[in-house]
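Accompanying notes for the structure given below.
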Amino acid sequence: MTWSFDDNLPIYLQIIRILKYELARGKYQPGEKLPAVRELAMTAGVNPNTMQKALAELERDGLVKSQRTAGRFVTDDKEKIMEVAKTLAYDEIARMVENISSLGYRKEEIPQLIEKYLNEH
C-alpha cells in the first residue's frame, strides 16, 4: 500500500480514500480482518488517532465493522464495495473529462478520443 499525502487535504480524508481504493481493488476481501490501528498508522506514517478517525468514518459508511475484542473487519456486503468502486471510477472519469475539456475538446469529442486511445493501446 502506498501512503502519499497531499498538504491541501486533511490526512484522515486521504486515508479514507486510499483505504476505499484498497477495498475496491480487492486488497482486503469481504469479511477479512484489517490490520490493527497502530500497525496501519505506523505503515502510513501517521498518528494512530488520525488512522482511528479515518477507520471510524469507514465504519459509519458501513465499509468496515468492529468486533469488540477481535478488531475491525471489511464488510461482507459485496454490493457496498462495488458501489464504492463505481463512485471512485466516476470520480476519476469526472477528473479526466475536466482535464480533457480544459485542452479545448468538446464534451461530444471526448468519447471518440477515449475510444481511439483504447484501440491504439
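Note: hydrogens, waters and symmetry copies are ignored here, and every other heavy atom, side chains too, is used. Along the sequence shown, residues carry numbers from 1.
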Quick check for you: to the nearest 0.5 Å, what is the distance between [X] atom [atom1] and [Y] atom [atom2]?
X: Met42; Y: Arg38; atom1: CE; atom2: CZ; result: 11.0 Å
X: Leu34; Y: Arg72; atom1: CG; atom2: CZ; result: 8.5 Å
X: Asn49; Y: Met51; atom1: CG; atom2: CE; result: 11.5 Å
X: Tyr105; Y: Ile110; atom1: OH; atom2: CD1; result: 9.5 Å
X: Glu32; Y: Leu23; atom1: CD; atom2: CG; result: 9.5 Å
X: Leu40; Y: Thr50; atom1: CG; atom2: OG1; result: 12.5 Å

Would you say [Y] ends up clustered with [X] if hydrophobic residues are merged whenever their side chains have heavy atoms under 4.5 Å apart, either directly or through other cluster members?
X: Leu13; Y: Trp3; value: yes
X: Tyr12; Y: Val37; value: yes
X: Tyr21; Y: Tyr90; value: no

With a cut-off of 6.0 Å (strictly less than), are more than 12 heavy atoms of other residues, nucleotides or ligands near [atom1] of [X]?
X: Glu115; atom1: CD; result: no
X: Met96; atom1: CE; result: yes
X: Lys86; atom1: NZ; result: no
X: Arg95; atom1: CZ; result: yes
X: Glu108; atom1: CD; result: yes

I'd like to check [X] versus [Y] (side-chain heavy atoms, cut-off strictly below 4.5 Å). Are they in contact?
X: Thr87; Y: Lys20; value: no
X: Asp61; Y: Val84; value: no
X: Ile81; Y: Tyr28; value: no

Contact summary for [X] and [Y], nearest pair of heavy atoms:
X: Gly62; Y: Thr75; value: O-CB, 3.3 Å
X: Ala24; Y: Leu88; value: CB-CD1, 4.2 Å
X: Ala70; Y: Lys33; value: O-CE, 2.7 Å

Qualifying residue, where the test is side-chain contact (heavy atoms from CB on, under 4.5 Å) with Glu57 and the options are Leu19, Val64, Ile16, Leu63 |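 So, applying the side-chain contact (heavy atoms from CB on, under 4.5 Å) to Glu57 and each of Leu19, Val64, Ile16, Leu63, only Ile16 qualifies.
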
Lys65: which of Asp76, Asp77, Leu58 passes side-chain contact (heavy atoms from CB on, under 4.5 Å) | Asp76

Residues Glu83 and Lys80 bridged, charged N to O under 4.0 Å |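 A salt bridge is absent here (no side-chain N lies under 4.0 Å from a carboxylate O).
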
Got a salt bridge between Asp6 and Arg17, using NZ or NE/NH1/NH2 to carboxylate O under 4.0 Å?
->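 The answer is no: the pair does not qualify as a salt bridge.
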
Counting N and O atoms only, with roles assigned by atom type, does the side chain of Gln14 sit under 3.5 Å from a partner on the main chain of Leu9, one being a donor and the other an acceptor?
-> yes

